[in-house]
Each structure stands twice: as structure tokens, then as C-alpha cells.
Amino acid sequence: MFMRLKVKEALNALEEKQGIVLKGWIRTRRDSKGFSFLEINDGSCLKNIQVVLNWENIEKEYLAKLTTGASVVVEGDLVESPGKGQKWEVSARTVLLVGEAPADSYPLQKKRHSDEFLRTIAHLRPRTNKYGALNRVRSALAFGVHKFFQERGFFYVHAPIITGSDCEGAGEMFTVTALDLKSLKGKTDFKEDFFGQEAHLTVSGQLEAEILACALGDVYTFGPTFRAENSNTPRHAAEFWMIEPEMAFADLKDDMDLAEDMLKWLVGYIQEVCKDEIELFGRFLDKELFALLESVLQEPFARISYTEAIELLKKAKKDFEYPVEYGLDLQTEHERYLSEEYFKKPVFVFDYPKEIKAFYMRLNDDGKTVAAMDLLVPRVGELVGGSQREERLDVLVARMKELGLSEEDYWWYLDLRRFGTVPHAGFGLGFERLIMFITGISNIRDVIPFPRTPRNLEF
RNA sequence: UCCCCGGUAGCUCAAUCGGCAGAGCGGGUGGCUGUUAACCACUAGGUUGGCGGUUCGAGUCCGUCCCGGGGAGCCA
């Protein structure tokens, strides 16, 4: 009997093995006199395995169909390769063609393709080295996120995807409805709709995570998030995955410590479990990737208050397009200067003026700033946004009044402060931006298999 | 949504002042070779993003729409 091996297992073999089966796709084929070299990849790892196929037992027409992209089952023997460039190869006894990939129409060639072109064939791009690597890294990072939190006693909680709260202030929302929009005339009455009120896709699971944190202690969410903003940038998607930890009995420093620990841990983890993939990205995509990841591992992140950041930007010998003034939000050019030029590493900016931050952030003793923090990283910009939450009922209610928010809409949120309130803090981390940071891939459309962006819903 | 740049062969790109549509890679055919982005020769391949306009003549100029990239805003 033949034993099925994944390419990864075959390449890691310690000794020759008679009678193995490989199942995968032909990446390239090179012909020599009387036999062919087939490079087989099955997605289990970045590398291909070389299969040597003798022409003696094979018809010419059949051989002609063993082209780049075709799927095959190979039965043969794993032997040491007499050629240079690889330790192991498979001497084929039989090659079964499972699915053809006609060479005159198969879009993937044995050459580098542009990211823009590959996006138009998102159903085939995972079969390339770069996107295969990306998808393995994505999987490993998702698992790593769980591993990190679970090992620290955090509980994974599920926040709802359909939500009724519509003023979380995190951007435009998609409406969810069971009404027949095509037959609706005039004004929409959401009382007639499925939930009897307006419903949306979630833009954040934070408020729900706070509820669970105030019962389980330390929790995190990890799920899809939706923003209907008409954003056309390499850093925004309409559907993305967000990680939102929330800790009871924690303050802003605990929050920043967690974000820093998490990022360092994940960088170490991915270098361990996706060595070949990170190597690929560092060598061909971003020459500075290794140095950046190394600095994440070795150096503490910078931490400066918003006030210090403003002073620093004012002293900078650099012409900014937008004004730097206390009370104004930091622009992208300012954030880039801080993380890419001044500190050249991730930097937390904390204690922002309350006017430019959300209502739920905890008011500091100065009465002017709130305990908020953003983590700015080179190339990606804002990777994390978080805060200590306002746990004092009277302060929170006063703040909501200032902003004209209805207490009724948030009755359950306010109840958390009425009954056994505790200081607590959390943050949101964009999973795709994390992948961009760790791989060096520069467009968010290329770190998620099927990106959703304005006017793009093909796959 | 705003600003800038681009759209020419399957892919990546060239085409002078408005004057015959080009190359490399990929494909096909043949040759060579334990090959490694294989190599050598030959060959096929075009509604120049769509629509409209200017002109004797438009890939090239004008208008408009669509698509892509970069930057900005919004944010994770």
C-alpha cells in the first residue's frame, strides 16, 4: 500500500520511503531527454517537491496534459535527489491526471504577476507562492491570537454581528433588513421590519465585550466587522476582522502593556511557525521587514502623551501640510512622522483631548483629556485604538449629555456602572492591518482572500 | 468623496511633433539537455477600457463614463 504524504512531510523526511502518494498541483515542469521534472505543490508549505517522471510508461498525449496548474496524484518513491538544489525528490511510478489546466487559457504563468492582476483572479491567486504564504500566515496568526489570549486566561466571547445600537460613533453602518426594498415606496417604517427597529451590521463588539468582561474578567472578541465608509485606501476594507480584548480591573497602562505584549508575542510566534513564509516576504517584498520585526521583539515601544506628541511635532524640522495645534487630531502625515521617522518603531500616543475622542473613554483628572491610546506603527499607521472606559456613572452620564446622546438607548451600558462597576479597559486591533505589518504586504486587499471594498464584490 | 497618475497582445511594458501596432515573458511547433526563473530556433496572437467629438488622418488632442494605482479624509 502507498502512504499519502503532504509535500511538507515528504520534504522533512529523515530517510528514503518506498511507496508514497502525493496529491497536489503542478507548479512547473521541465523536460529532459526521456523524462520530466514536475514541481508539485499541495499548499502544505511554501516549497514544492520535485517529481521525476520517466516517459517509458506514459503516452505522449497524456504527458502533454501534465502542465502548469494541473492537479495530479503521484505514486512513487521518495529518494535522495542526485541533482543539485534539493535533498529529496520523488521517483514516480505513476502519475494520475486529476484535473487539466489547459496551458493556452490557464491564467497563472511561471512568472511574477502583479498584485493588481492577481486581484482580478482571486479564485486562483491562493495558488501562487505569495498568496499561499499569506493564507498560511493568516491562519497561523488567527490561531496565535487565540493561543496568546487563552494562555493568559482570557475568554473568547462572541459579540453579535447584527446590532441595534446605531450610534457607536465608529463610522457609517450597513443596514440589515428583511424588508423588500424593491417594492418599498416612500418612507421606510422599521417597525415593520424583522426586528421591529432599525438594525445594522456591527462596527465594533466593544460595548458587548465590556458586558462580558464585567462578569468573566478578561475577555476578547475576534470576528468580522463592517464599515460602510466610502474609503478608497490601501488600509481600509468594508469587511474586516477585529480583535477586541477587554479587561476588568484594568487601567490605560494595563491596556498598553497588553497591546505591546500581544504584538511582540505574535511576531515571535509567526517567525517560529511560518519561517519560510516570513523569509519570502522579507526577501522579495520588503527588504526592511526583518529589521522591523527584530526591533519589535527587542525594543520596548515608545509611549508619549498627546501633549508631548504635539510639542514634538511642533519642534520637527519638517513642513507639514496640516497644522499642528493642541486640540486638533493627528493627521496621517503626523502619525507617519512619529512612527517612521522620529521613533522608527511602534509608538503609543495616549491621553487625547476629550473633544476628539469617543464618549465612553475615561475622563482624566485634568478634566481635559481622556485615557485613550492609539498604537501607531511604521507603514500601516494606526494598528490599535483603545481606552480605559468611563466607569463612573455620574461622569459618563454628564459626558453623554454634553454630546446629546440618549441615556435610554444605552440603558444597559449604564447599568454596568450602576451595578458593581469596575475600572476596565480594552482596545481594538485590525487583524488585516496586523497581517500587513507582519508580512510587509502593502495593500489590505492582498491580506484577505476576498476583499470587500467600494464597488468590489466579485468573489 | 476629493487631488494626482495610469488603462496598448494572455502578462509586464514601449510607440518621437497627430502619420504603416512593437518588444520581453507566456502559448504553439521543432530541437537540445539530471533539469532548477532551464536553454536554442521558428510561429500565432490587437475593437489601443467604453461612448461621443476635433482632424485628410487619433494609441496620441478634447468631453464624458468605467476600471486600476498613489495621496488625502474617515478609521482598525
Side-chain angles (χ1 to χ4, degrees), chain A residues 27-39 47-54 64 67-69 79-86 89 91 101-121 129 168-172 202-206 221-222 224-244 259 284 320-322 329-336 356-358 374-377 380-386 427-437 442-448 453-456 458:
Chain A
R27 275 298 179 77
T28 92
R29 171 179 142 195
R30 291 177 296 272
D31 287 346
S32 191
K33 192 166 186 72
F35 51 96
S36 294
F37 298 98
L38 305 176
E39 294 236 9
K47 293 193 180 84
N48 308 323
I49 192 163
Q50 175 163 291
V51 171
V52 183
L53 174 63
N54 200 298
T67 56
T68 300
V79 297
E80 276 195 56
S81 177
K84 287 171 187 162
Q86 61 280 318
E89 67 182 25
S91 175
D104 56 356
S105 56
Y106 183 61
L108 291 176
Q109 305 171 356
K110 294 188 285 188
K111 58 174 257 187
R112 223 193 78 81
H113 287 294
S114 67
D115 294 323
E116 291 80 10
F117 171 66
L118 290 170
R119 267 174 230 154
T120 69
I121 49 168
N129 284 341
E168 291 170 23
E172 292 295 311
T202 183
V203 292
S204 164
Q206 180 202 315
T221 72
F222 186 4
T225 309
F226 307 89
R227 304 274 167 92
E229 294 287 345
N230 187 12
S231 294
N232 291 284
T233 85
R235 298 180 303 280
H236 292 84
E239 177 182 299
F240 63 98
W241 288 64
M242 190 154 62
I243 299 147
E244 295 180 286
F284 297 113
F320 292 117
E321 193 183 337
Y322 290 86
D329 210 351
L330 299 180
Q331 301 294 317
T332 296
E333 58 174 349
H334 306 140
E335 297 180 347
R336 294 186 79 114
I356 56 175
K357 287 292 179 183
D374 286 348
L375 177 62
L376 312 175
V377 302
V380 174
E382 188 177 338
L383 179 62
V384 169
F427 62 79
L429 183 152
F431 187 53
E432 282 72 20
R433 289 187 181 177
L434 172 71
I435 299 172
M436 290 168 73
F437 179 66
S442 56
N443 196 310
I444 199 167
R445 295 168 179 84
D446 300 328
V447 296
I448 185 166
T453 51
R455 297 176 301 280
N456 181 10
E458 182 66 24

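Every chain is numbered from 1, with letters handed out A, B, ... down the list of sequences.
- Residues A:S81 and A:E89 approach most closely at OG-OE1, 2.9 Å, considering heavy atoms.
- Contact of A:D31 with B:rU33 (side chain to base): no donor-acceptor pair of N or O atoms is detected under 3.5 Å.
- For the atom pair CD of A:E239 and CZ of A:R227, the computed distance is 12.5 Å after rounding to the nearest 0.5 Å.
- Side-chain N/O atoms of A:Q86 and base N/O atoms of B:rU35 include a donor-acceptor pair closer than 3.5 Å.
- The distance from the CG atom of A:L108 to the CZ atom of A:R27 is 8.5 Å, given to the nearest 0.5 Å.
- Among the nucleotides B:rG69, B:rG71, B:rG34, the one closest to the side chain of A:S32 is B:rG34.
- Two residues, A:P82 and A:N230, neighbour RNA chain B, and the one matched to the more 5' nucleotide by heavy-atom proximity is A:N230.
- Counting only heavy atoms from C-beta on, A:H236 has its side chain closest to B:rG73 among B:rU35, B:rG73, B:rG69.
- The side chain of A:F240 has B:rA76 as its nearest neighbour among B:rG28, B:rA76, B:rU35.
- Evaluation of atom-type donor-acceptor distances gives a pair under 3.5 Å for the side chain of A:R433 against the base of B:rC75.
- For A:N443, taking side-chain heavy atoms from C-beta onward, the closest of the listed nucleotides B:rU36, B:rG27, B:rG69 is B:rG69.
- For A:H113 against B:rC11, a side-chain-to-base donor-acceptor contact under 3.5 Å is absent.
- Taking atom P on both nucleotides, B:rA38 is separated from B:rU48 by 33 Å, rounded to a whole Å.
- With rounding to whole Å, A:L118 atom CG is found 15 Å from B:rG68 atom P.
- One cannot find a donor-acceptor pair under 3.5 Å joining the base of B:rG7 and the side-chain atoms of A:E116.
- Comparing atom distances between the A:M242 side chain and each of B:rG69, B:rA72, B:rA76 picks out B:rA76 as nearest.
- For the atom pair A:Y106 OH and A:I121 CD1, the distance stands at 8.0 Å (nearest 0.5 Å).
- No aromatic stack links A:F35 and the base of B:rG34, using centre distance under 5.5 Å and interplanar angle under 30°.
- The base of B:rA76 does not come close enough to the side chain of A:R235 for any donor and acceptor atom to sit less than 3.5 Å apart.
- If you check B:rG27, B:rC75, B:rU36 against the side chain of A:D104, the one that comes closest is B:rG27.
- Scanning atom types as modelled, one donor and one acceptor separated by under 3.5 angstrom connect the side chain of A:Q109 and the base of B:rG10.
- Between A:F117 and A:H113, the ring planes lie tilted relative to each other; the angle falls in the 30° to 60° range.
- The 5' end of RNA chain B is approached more closely, in terms of each residue's nearest nucleotide, by A:R29 than by the other of A:R29 and A:A238.
- Pair check for B:rA41 finds B:rU29; Watson-Crick or G-U wobble, both atom distances under 3.5 Å.
- Of the candidates B:rU12, B:rG27, B:rC75, B:rU12 carries the atom nearest the A:F117 side chain, counting heavy atoms from C-beta on.
- Nucleic acid contact for A:Q331: sugar-phosphate only, since backbone atoms but no base atoms lie under 4.0 Å from a heavy atom of the residue.
- The base of B:rC75 has none of its N or O atoms less than 3.5 Å from a complementary donor or acceptor on the side chain of A:S231.
- Rounded to whole Å, the distance from NZ on A:K33 to C1' on B:rC40 is 15 Å.
- Taking only side-chain atoms of A:T233, from C-beta outward, the nucleotide of B:rG27, B:rU1, B:rG73 with the closest atom is B:rG73.
- Relative to the side chain of A:S114, the nucleotides B:rG27, B:rU35, B:rC11 differ in distance, and B:rC11 lies closest.
- With B:rG27, B:rG34, B:rU35 as the candidates, the nucleotide lying closest to the side chain of A:R30 is B:rU35.
- Ring centroid separation for the pair A:Y322 and A:H334 does not come in under the 6.0 Å cut-off.
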